[in-house]
Amino acid sequence: MADGVLTRVHSLRTRLDETLTGHRNEILSFLSRVESHGKGILQPHQLLAEFEAIPEGRKKLNNGPFGEILKSTEAIVLPPWIALAVRPRPGVRIYIRVNVRALVVEELRVLEYLQFKEELVDGSAIKSLKWGDVALTTGLSTC
């Protein structure tokens, strides 16, 4: 694995868990600041601004995997959860959510992430979505 670069999808959760273990107070401070904004979507520049506002331990975190994650992440905040859509490289997204109070990291599938986002907008998540529920039209006629 290259230094400071996310090369494998499954390594993200492992690396984030290791970072949480080693820098619990700093990450808790950052996540609490993000959660304090209430429900909403935060873009990478907003997350970086919150990260810059934490006073201690920022340099250690910035040079590690956590700093790499923040540079390409969208966050959805539904307290006490923060869902992150991490883009480690073009064409790849990894979805995780963190419980700020328990500091628990969970991986999400795309549908789960979209349900989380839908809950932000509507206040209620889509219960299930199947291909049969979606009507697709292509504009092509068959003769």
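- Considering only heavy atoms from C-beta on, Leu103 comes within 4.5 Å of Arg24 through its side chain.
- Atoms CG and CD1, from Leu84 and Ile94 in turn, are 11.0 Å apart once rounded to the nearest 0.5 Å.
- Closest heavy-atom contact between Thr73 and Leu47: O-CD1, 3.5 Å.
- Judged purely by atom type and a 3.5 angstrom limit, Glu112 uses its side chain to pair as donor or acceptor with the backbone of Arg109.
- Contact annotation: the side chain of Lys39 approaches that of Leu120 to within less than 4.5 Å [non-hydrogen atoms, C-beta and beyond].
- Taking CG from Leu31 and CH2 from Trp81, the interatomic distance works out to 12.0 Å, rounded to the nearest 0.5 Å.
- Ion pairing of Glu107 with Arg97 is absent here, as no side-chain N (NZ or NE/NH1/NH2) approaches a carboxylate O to less than 4.0 Å.
- A heavy-atom distance below 4.5 Å is found between the side chains of Ile82 and Val100.
- Summarising the geometry of Ile76 relative to Tyr113, their closest heavy-atom pair is CD1-OH, 3.3 Å, with the distance given to 0.1 Å.
- Under 3.5 Å, the side chains of His37 and Gln46 contain no donor-acceptor pair of N or O atoms.
- Closest heavy-atom contact between Pro88 and Ser72: N-OG, 4.5 Å.
- In this structure, CG on Leu114 lies 13.0 Å from CD on Glu119, to the nearest 0.5 angstrom.
- Rounding to the nearest 0.5 angstrom, the gap separating the CD atom in Glu35 from the CZ atom in Phe30 is 12.0 Å.
- Side-chain atoms of Ser29 never come within 3.5 Å of backbone atoms of Asn25 as a donor-acceptor pair (strictly under, hydrogens ignored).
- The two residues Glu26 and Ile54 have their closest heavy-atom pair at O-CD1, 3.9 Å.
- Between the CD atom in Glu50 and the OG atom in Ser32 there is a gap of 11.0 Å [rounded to 0.5 Å].
- Glu52 CD to Leu70 CG: the interatomic distance, rounded to the nearest 0.5 Å, is 9.5 Å.
- Between Glu74 and Lys117, at least one side-chain N (NZ, or NE/NH1/NH2) sits under 4.0 Å from a carboxylate O, which counts as a salt bridge.
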